[in-house]
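The block underneath contains the structure these notes are about, expressed in structure tokens.
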Amino acid sequence: MKYNKVIIIGSGIGGLCAASAISPYCNSVVVYDKDLHADQPSIRKGVPQGAHISILLQAGLINLETLLPGIKSSLTHQGSAEIQAGTGQQIHEFGQWTPRRALDLVFLGQSRPFLEHAILQRVRDIDNVSLVDNCRVKSLTFGDHAEVSGITLQNAHGAEENIDADLVIDASGVGGKFAKQFSAQLGEEIIHDEMNIGIFYSTAHFHKPSDLRGKKENILIVPEAGESDIGGSLIDIEENRWCVSLHGRNHVTPPKNIQQWKELAKALPDTRIWERISQGTLIGDIQSFKKPKATWRRFDKLHKTPKGYLPVGDTISSVNPIFGQGMTVTTGHVLALQSALACSDNNLWRNYIDGAASWSEKAWQKACAYDKNFMRTLSLDPKKAAILKSLALARQRKSHDDPEAHLNVVLQSQMLT
Ligand SMILES: Cc1cc2nc3c(=O)[nH]c(=O)nc-3n(C[C@H](O)[C@H](O)[C@H](O)COP(=O)(O)OP(=O)(O)OC[C@H]3O[C@@H](n4cnc5c(N)ncnc54)[C@H](O)[C@@H]3O)c2cc1C
């Protein structure tokens, strides 16, 4: 055993996966969340993105399967939609659809709460892991040498408690409250890489009509940089439902009124999403989400070696969600943690943080390079917009002509290369 007690702040995808990865190395793991996990998948206040499109990339599914063997088949068994890459997945960009060609690759489509619930069920079965809901962690506590020694929390009855631990894993998400406190105590500022993305999601769920239930799809309509700021995506999820998000860039907000929202879906560069939803039955209200910037806290650049604290998931990095990379990066961080824990040397921090940073970097490079094309100042430059368009069209032509090139584009977008 490396640790007697480990505390995890947050039971989102990152916290739950980290609990599973660290459980063999300690006597007990306690995961605290300010929310209550219901018995059924449901949208939580602490994870508002749960209401929106949440694509699990193929690399993320592989990561999850490594961390929780058998999760893929239990997701399928419980009702995730099986979507064939190449035929079920359709991307529209610059007036063209990606080719329809079987690629021997299957994606799983499900809502975020459904995925989290499947992971939660697995983690609940681990003997030395306890999940404590309705407990808001208020602050970290520190020992005599600035090492993190535990937390202060507000329990379900509103009382404050101090709880000691050998290690605190911060999986509290993008807010970074504890990272800030930890950095102040360490006496070293964490460098922040940031990019302005100004993205808005506006999402609705639909029951599918009976004649389309056998068809499992994942449709993405990308706006043309410089021409439009509105794109859309539709994904098949569990229980024969569609989750459909319209997204606005450059701070453009898609409407909350369903009639206007549908009109906007119809006005996308192609009507395929609108054709589907005009046959579906709306479930509930439209939900919105605003994400002004992408953030990467460069824990990997700290000179000092922190003790008793490890960040994971969005606490480290959070990019434009349009690329669907967040959960893959988060599970990649946990894989890095698993490898670092298996090392016999005493360099857990360095071994872990460098491994985690390489996942963040992969996502950051791709998302930021692409996002730059949509920044208003740049995309209004007609020369740059023309180059971007011709590159994208050349890539599409190649994908149409050459099955291997097509597969490569898909593998790249799935973070598999
Ligand atoms: C609109 C949107 C769409 C997205 N779409 C995708 C997608 O398609 N594919 C994808 O892979 N990723 C997507 N992401 C990113 C993805 O949601 C995140 O990368 C992922 O959720 C990170 O997991 P996490 O566990 O680090 O953090 P979170 O999921 O944010 O979990 C943090 C947890 O900590 C808890 N918590 C916070 N503070 C406290 C506290 N003080 N005390 C106790 N508990 C606390 C919260 O309640 C929550 O349960 C999207 C994000 C957004 C915003």
Side-chain angles (χ1 to χ4, degrees), residues 7-19 30-37 43-61 63-64 107-113 115-116 119-120 131-140 151-156 168-179 181 197 199-203 218 220 233 235 237 243 245-248 287-295 297 311-334 356 359-360 363 367 413-415:
I7 282 175
I8 300 184
I9 311 174
S11 57
I13 305 276
L16 292 172
C17 290
V30 188
V31 190
Y32 293 100
D33 205 289
K34 59 186 179 182
D35 277 354
L36 177 70
H37 283 279
I43 298 164
R44 299 191 284 118
K45 223 173 156 188
V47 185
Q49 63 267 43
H52 302 273
I53 287 253
S54 191
I55 290 170
L56 180 61
L57 299 182
Q58 210 61 8
L61 183 60
N63 290 352
L64 260 187
F107 305 144
L108 293 186
Q110 58 278 306
S111 67
R112 167 60 177 264
L115 177 62
E116 189 187 89
I119 298 172
L120 182 78
L131 299 164
V132 186
D133 285 351
N134 270 334
C135 275
R136 180 181 292 274
V137 177
K138 299 196 79 172
S139 59
L140 302 172
I151 56 169
T152 302
L153 61 76
Q154 186 174 39
N155 68 24
V168 175
I169 297 181
D170 181 0
S172 63
V174 70
K177 172 178 172 177
F178 306 110
Q181 196 198 351
I197 51 175
I199 198 110
F200 269 87
Y201 270 50
S202 206
T203 301
N218 172 348
L220 173 65
S233 38
I235 182 168
I237 60 170
C243 177
S245 293
L246 296 182
H247 53 262
Q287 308 280 335
S288 304
F289 193 97
K290 173 183 169 189
K291 187 167 173 63
K293 59 184 181 193
T295 310
R297 294 188 180 89
V312 78
D314 275 16
T315 302
I316 302 181
S317 62
S318 166
V319 292
N320 187 340
I322 288 295
F323 305 98
Q325 301 180 110
M327 295 186 291
T328 298
V329 170
T330 297
T331 51
H333 291 166
V334 180
W359 279 96
S360 296
S413 67
Q414 297 296 315
M415 290 186 84

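Both counts, for ligands and for their atoms, begin at 1 and track the order of listing.
For atom 3 (C) of ligand 1, the nearest protein heavy atom (residue, atom name, distance) is P321 CB, 3.4 Å. Of the protein's non-hydrogen atoms, the one nearest atom 41 (N) of ligand 1 is V137 O, 3.0 Å. Of all protein heavy atoms, the one lying nearest to atom 24 (P) of ligand 1 is G14 N, 4.0 Å. Shortest contact from atom 43 (C) of ligand 1 to any protein heavy atom: K34 N, 3.2 Å. With respect to atom 34 (O) of ligand 1, the closest heavy atom belonging to the protein is G10 CA, 3.3 Å. Atom 16 (C) of ligand 1 has R112 NH1, 3.6 Å as its closest protein atom, hydrogens excluded (heavy atom only). The protein heavy-atom contact nearest to atom 47 (O) of ligand 1 is D33 OD1, 2.7 Å. Taking atom 27 (O) of ligand 1 as the reference point, the nearest protein heavy-atom neighbour is G173 CA, 3.7 Å.
Distances below 4.0 Å separate heavy atoms of C135 from the following atoms of ligand 1: 42 (N), 43 (C). Applying the 4.0 Å criterion to heavy atoms of Y32 picks out, from ligand 1, the atoms 43 (C), 44 (N). The M327 neighbourhood of ligand 1 comprises atoms 9 (N), 10 (C), 11 (O), 12 (N), 19 (O), with distances under 4.0 Å to a heavy atom of that residue. Taking a cut-off of under 4.0 Å to the non-hydrogen atoms of G313, the atoms of ligand 1 that pass are 26 (O). Taking every non-hydrogen atom of A171 and a distance limit under 4.0 Å, the qualifying atoms of ligand 1 come out as 32 (C), 33 (C), 34 (O). Those atoms of ligand 1 with a heavy atom of S54 less than 4.0 angstrom away are 7 (C), 8 (O). Heavy-atom contacts of I13 reach the following atoms of ligand 1: 25 (O) (cutoff under 4.0 Å). Against a heavy-atom cut-off of under 4.0 Å, G324 is close to the following atoms of ligand 1: 7 (C), 8 (O), 9 (N), 10 (C), 11 (O).
The option with the heavy atom closest to atom 23 (O) of ligand 1, from among D170, T330, I316, V334, is T330.
Not a single ring pair (Phe, Tyr, Trp, His ring centres under 6.0 Å) links F200 to another residue, sequence neighbours left out.
Of the polar atoms of R44, at least one N or O is found under 3.5 Å from an N or O of ligand 1, judged by distance alone. Of the N or O atoms in F289, none lie within a sub-3.5 Å distance of an N or O in ligand 1. Of the polar atoms of I9, none of the N or O atoms is found under 3.5 Å from an N or O of ligand 1, judged by distance alone. By the 3.5 Å distance cut-off applied to N or O atoms, D314 is counted among the residues near ligand 1. On a distance-only criterion, Y201 and ligand 1 share no N/O pair closer than 3.5 Å. Residue V47 has no N or O atom closer than 3.5 Å to an N or O atom of ligand 1. For ligand 1, the polar-atom distance check finds an N/O of I55 within less than 3.5 Å of one of the ligand's N/O atoms. Backbone and side-chain nitrogen or oxygen atoms of Q49 are examined, and one is located within less than 3.5 angstrom of a nitrogen or oxygen of ligand 1.
Using a 4.0 Å heavy-atom cutoff, F178 is listed among the residues neighbouring ligand 1.
Side-chain contact check for N155 versus V132: every heavy-atom pair is 4.5 Å or farther apart. Under the 4.5 Å side-chain criterion, counting only non-hydrogen atoms from C-beta, S317 is in contact with H333. At a threshold of 4.5 Å between non-hydrogen side-chain atoms, the residues V329 and M415 count as touching. Using a 4.5 Å heavy-atom cutoff, the side chains of P321 and I199 are in contact. W359 places a side-chain heavy atom less than 4.5 Å from the side chain of T328.
Taking every heavy atom of both residues into account, N218 and F107 meet most closely at ND2-CD1, 4.4 Å. Shown here for C135 and L153, the closest heavy-atom pair between the two residues is SG-CD1, 4.2 Å.
Here the straight-line distance linking atom NE2 of H247 with atom OG of S202 works out to 12.0 Å at 0.5 Å rounding. Taking NZ from K177 and CG from L140, the interatomic distance works out to 9.5 Å, rounded to the nearest 0.5 Å. Taking CD of Q110 as the start and CD1 of I55 as the end, the distance is 10.5 Å to the nearest 0.5 Å.
Applying the side-chain hydrogen bond (donor to acceptor under 3.5 Å, both in side chains) test to pairs two or more places apart or on separate chains, those with a residue in residues 43-52 are D33-R44, D35-R44, R44-E116, H52-T203.
A donor-acceptor pair is defined here as one N or O able to donate and one able to accept, closer than 3.5 Å; no such pair exists between the side chain of Q58 and the backbone of Q414. Distance alone, capped at 3.5 Å, places no donor-acceptor pair between the R136 side chain and the Y32 backbone. S318 places no side-chain N or O within donor-acceptor distance of the main-chain N or O of D314, the cut-off being under 3.5 Å.
In S172, the parts holding a heavy atom less than 4.0 Å from any atom of ligand 1 are both the side chain and the backbone.
When L64, I13, V312 are each tested for a side-chain contact (heavy atoms from CB on, under 4.5 Å) with V334, only one passes: V312.
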